[in-house]
Every structure is written in structure tokens, then in C-alpha cells.
Amino acid sequence: MSGNGHGLEVAVRATAELGEGPTWDAAAKRLIWVDILSSRVHTWDPATGRRTVLVTEQHVGAAKPRAGGGLAVNLRDGVGLYGADGGFSWLVREAVPGRRGNDAAVAPDGSLWAGTMRYDEATGGGTLSRIAPDGSRTEILPDVTISNGIGWSPDGRLMYYADTPTRRIDVFDVAGAEVTGRRLFARIEDGAGFPDGLCVDADGGVWVALWDGGAVRRYAPDGSLDRVVELPVRRPTACAFGGPDLTDLYVTSARVGLGPAEQPLAGSVLVLAGARQGLAQPAFAG
């Protein structure tokens, strides 16, 4: 079950303070990821090695491709849109002092599910909201602490979610904007780190990055622990399937809290080739 990630390589060597949110942009055949506290959206094309950097005006918790080109970004004060031409506009602006956007994911129906958290990580200071393509917002979960790890089962009927400090991955029944039946899917034991970003594979397995745990885990659809991939970084933040056939697992990581000589790969993007078959991720329909 466990293993040290044979085939684990460095995809993008970087020193991201808080690298997060890897997302495979299928249309552009590239990986998108963010460095939240440096206000940067990065892209990387594995075929050519080409990298781009977009500097945002606020801390950026997540960046997702839009169906018509451009990006949807979960910023400090709400969700913004970059057009294919690079122009910026706000879709939902809701500035709350001391709070910022964090992880986000696009649902099978093309809506954006965007989380928030307080900078001081105060309990209950964050939310999870569903943003429709027209910008209308539905608050799904109030009173979360660090909103993270959003993913859907292959049939779209289950949603997985992690409020990181709880050490829980929860699962909900979902139909459109309706989520019900919240229950425990998996609990991360003391000493193993905290559940951060997650993704779901084509067989319904849930992969989760363990902050301060130095590993990515796969949980089978019944919630049992199926695989542990040990990493050379203590603070992996999120994982996503990508590559031309969606079998490469990309893992972002953070340097925050580390000294300059500690963990030379921290802040880089790692890749585990041939990890499993991933699910194609929809672009934001707005």
C-alpha cells in the first residue's frame, strides 16, 4: 500500500511560497498553478517546457480555465475573470477584511466552487460558495476554517471536501447547487498531516495532499486507505491529474515556514507519471 513514489520527478523546479491548485488546462495542454502569497498564476507546458507568469493584483487562491479562453481566479476580494486577451473584470466582488480566497474547483455543470479563509485562520471564518456562470453566488457552507480540497465523483453525484484543520475529508450528496448528507469519508490520523487539496480519479478514488505530512494518499471509494506516496517535501498542498492522457499526477508544494537551506524541492511542482487514470476537468462556463 505504501511506497516512496517510484517515478516521482520534479516537473517545475520553483521556490513558491505557497504553491497551490494544480489544474490541467486540456484546451491549452498545459498545467496551471498558483503561488497564493506571491500573487502569481503560473503555467507550464510539459511538451515544450514553456512557462508563463501572470501577476495578479491580489493574493490568488486558485486559477481555473474558462470555456471561452482566459482564467477565473479566486482572489482576496472575490472571483475575477481574465479574458483571452488578458483583460480583467470582477465577476463576484465581496471584500471581507482579513479574509481571502483559497482553493476552488469547477463542478461538472461548469460552475465554480470557491472557498475562503481568514488570514489568521480563525475558526469558522471561511466559506464555500458556488458561483454560477452569470456570477450569481450561492453560499454552500458557512463557518469553515480553511476551505480546501473540492472534488466530484466520476458520476457527479458525490462531492468531497476538506476543511483542513478538522483532519477530515467529508463527502456530500450533490445535485446541482444542492448538497446534502454531509458525512465522514476519511480521517487523517494525528501526526500524518492535514488534508489540503484533493482530486478524484476515474475509478472514484480520492487523492489528497497532506500538508505537514510529506505525502499524497489515495483513498478507495469506500474510504479505505489504498496508497501512500511519500514526497521529498513536507508541505505538499494539492494534486491533480494531467498530461495528454490524464495519467500524470501533479503535486504542488510550499516553502512557507521553511529556512532557505531546508528541503530544496519545497515550492516546486512534482509529478508522478502513470499514477492512475484521471478525470477530465471542465472549464468554468462563465
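For clarity, every value in this text was computed on a predicted model and none was experimentally measured.
Within 6.0 Å of atom CD in Glu262, more than 12 heavy atoms from other residues, nucleotides or ligands are found, so the atom counts as buried in its surroundings. Counting non-hydrogen atoms of other residues, nucleotides and ligands closer than 6.0 Å to CZ of Arg183 gives a total above 12. Around the CD atom of Glu178, the shell of radius 6.0 Å holds no more than 12 heavy atoms that belong to other residues, nucleotides or ligands.
Residues Ile188 and Gly193 approach most closely at CG2-O, 3.3 Å, considering heavy atoms. Taking every heavy atom of both residues into account, Ala215 and Pro236 meet most closely at O-CG, 3.7 Å. Residues Ala273 and Asp248 share a closest heavy-atom pair of CA-OD1, 3.3 Å. Residues Arg235 and Gly257 approach most closely at NH1-CA, 4.0 Å, considering heavy atoms. The shortest non-hydrogen separation linking Ala104 to Ala114 is CB-CA, 3.9 Å. Nearest heavy-atom pair, Trp33 versus Ala16, reported as atom, atom and distance to 0.1 Å: CZ3-CB, 3.8 Å.
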Intermediate values then yes/no, side-chain contact (heavy atoms from CB on, under 4.5 Å), Asp109 and Arg130: CA-CA 11 Å; Asp109 66 2; Arg130 176 186 185 268; 2.9 Å; yes
CA sep, side-chain torsions, deciding dist, call: Arg234, Asp212, salt bridge (charged side-chain N to carboxylate O under 4.0 Å, His left out): CA-CA 5 Å; Arg234 196 178 85 227; Asp212 274 341; 3.2 Å; yes
Worked check of salt bridge (charged side-chain N to carboxylate O under 4.0 Å, His left out) between Asp170 and Arg182: CA-CA 7 Å; Asp170 286 339; Arg182 184 176 190 170; 2.8 Å; yes
Check against side-chain contact (heavy atoms from CB on, under 4.5 Å), Tyr82 and Thr56: CA-CA 10 Å; Tyr82 285 97; Thr56 55; 3.6 Å; yes
side-chain contact (heavy atoms from CB on, under 4.5 Å) between Leu265 and Arg13, intermediate numbers included: CA-CA 7 Å; Leu265 292 179; Arg13 190 174 288 271; 3.2 Å; yes
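A side-chain donor-acceptor contact under 3.5 Å links Asp35 to the backbone of Glu17. The backbone N or O of Val269 sits nowhere less than 3.5 Å from a side-chain atom of Thr252 that would complete a donor-acceptor pair. Formation of a donor-acceptor pair under 3.5 Å by the Gln263 side chain with backbone atoms of Leu258 is not found in this model. When atom types are taken as modelled, the side chain of Asn102 and the backbone of Ser147 share a donor-acceptor pair closer than 3.5 angstrom. Panel note: side chain Thr48, backbone Arg50; a donor-acceptor pair is recorded below 3.5 Å. Put simply, the side chain of Arg255 gets close to the backbone of Ala266: a donor and an acceptor are under 3.5 Å apart. Judged purely by atom type and a 3.5 angstrom limit, Gln58 uses its side chain to pair as donor or acceptor with the backbone of Arg76. Judged by distance alone, the side chain of Ser253 and the main-chain N or O of Gly267 form a donor-acceptor pair under 3.5 Å. Distance alone, capped at 3.5 Å, is enough to place a donor-acceptor pair between the Thr164 side chain and the Pro195 backbone. Here the side chain of Asp203 pairs no donor or acceptor atom with the backbone of Gly205 at under 3.5 angstrom.
For the side chain to side chain contact (heavy atoms under 4.5 Å, CB included) test, residues two or more places apart in sequence or in another chain that qualify with Glu139 are Thr127, Ser129, Arg137, Pro142.
A distance of 4.5 Å separates CG in Asp173 from OG1 in Thr180, rounded to the nearest 0.5 Å. The CG atom of Leu8 lies 5.0 Å from the CG atom of Leu270; values are rounded to the nearest 0.5 Å. The structure places CG of Leu71 at 12.0 Å from CZ of Phe284, a figure rounded to the nearest 0.5 Å. We find the OH-CD1 distance between Tyr161 and Ile169 to be 12.5 Å, quoted to the nearest 0.5 Å. The CD atom of Glu20 lies 11.0 Å from the CG atom of Asn74; values are rounded to the nearest 0.5 Å. Between the CZ atom of Arg227 and the CZ atom of Arg217 there is a distance of 14.0 Å, given to the nearest 0.5 Å.
For the pair Ile146 and Glu121, the minimum side-chain heavy-atom distance is below 4.5 Å. Under the 4.5 Å side-chain criterion, counting only non-hydrogen atoms from C-beta, Pro46 is in contact with Tyr250. Under the 4.5 Å side-chain criterion, counting only non-hydrogen atoms from C-beta, Cys199 is in contact with Leu249. Residues Leu246 and Gln277 meet the side-chain proximity criterion, which asks for heavy atoms closer than 4.5 Å. Within the 4.5 Å cutoff, the side chain of Val200 has no heavy atoms near those of the Trp152 side chain. Within the 4.5 Å cutoff, no side-chain heavy atoms of Leu272 are placed close to those of Val251.
At a threshold of 4.5 Å between side-chain heavy atoms, the hydrophobic network of Ile, Leu, Val, Met, Phe, Trp and Tyr places Val79 and Leu75 in two separate groups. Residues Ile140 and Phe172 are members of one and the same hydrophobic cluster, defined by side-chain heavy-atom contacts under 4.5 angstrom among Ile, Leu, Val, Met, Phe, Trp and Tyr. Hydrophobic clustering (ILVMFWY, side-chain heavy atoms < 4.5 Å, transitive): Leu91 and Trp113 are in distinct clusters. Clustering ILVMFWY residues whenever any of their side-chain heavy atoms sit less than 4.5 angstrom apart, transitively, puts Leu18 in the very cluster that holds Val73. If you chain together hydrophobic residues whose side chains sit under 4.5 Å apart, Leu158 and Val208 fall into the same group.
Between Glu94 and Arg99, at least one side-chain N (NZ, or NE/NH1/NH2) sits under 4.0 Å from a carboxylate O, which counts as a salt bridge.
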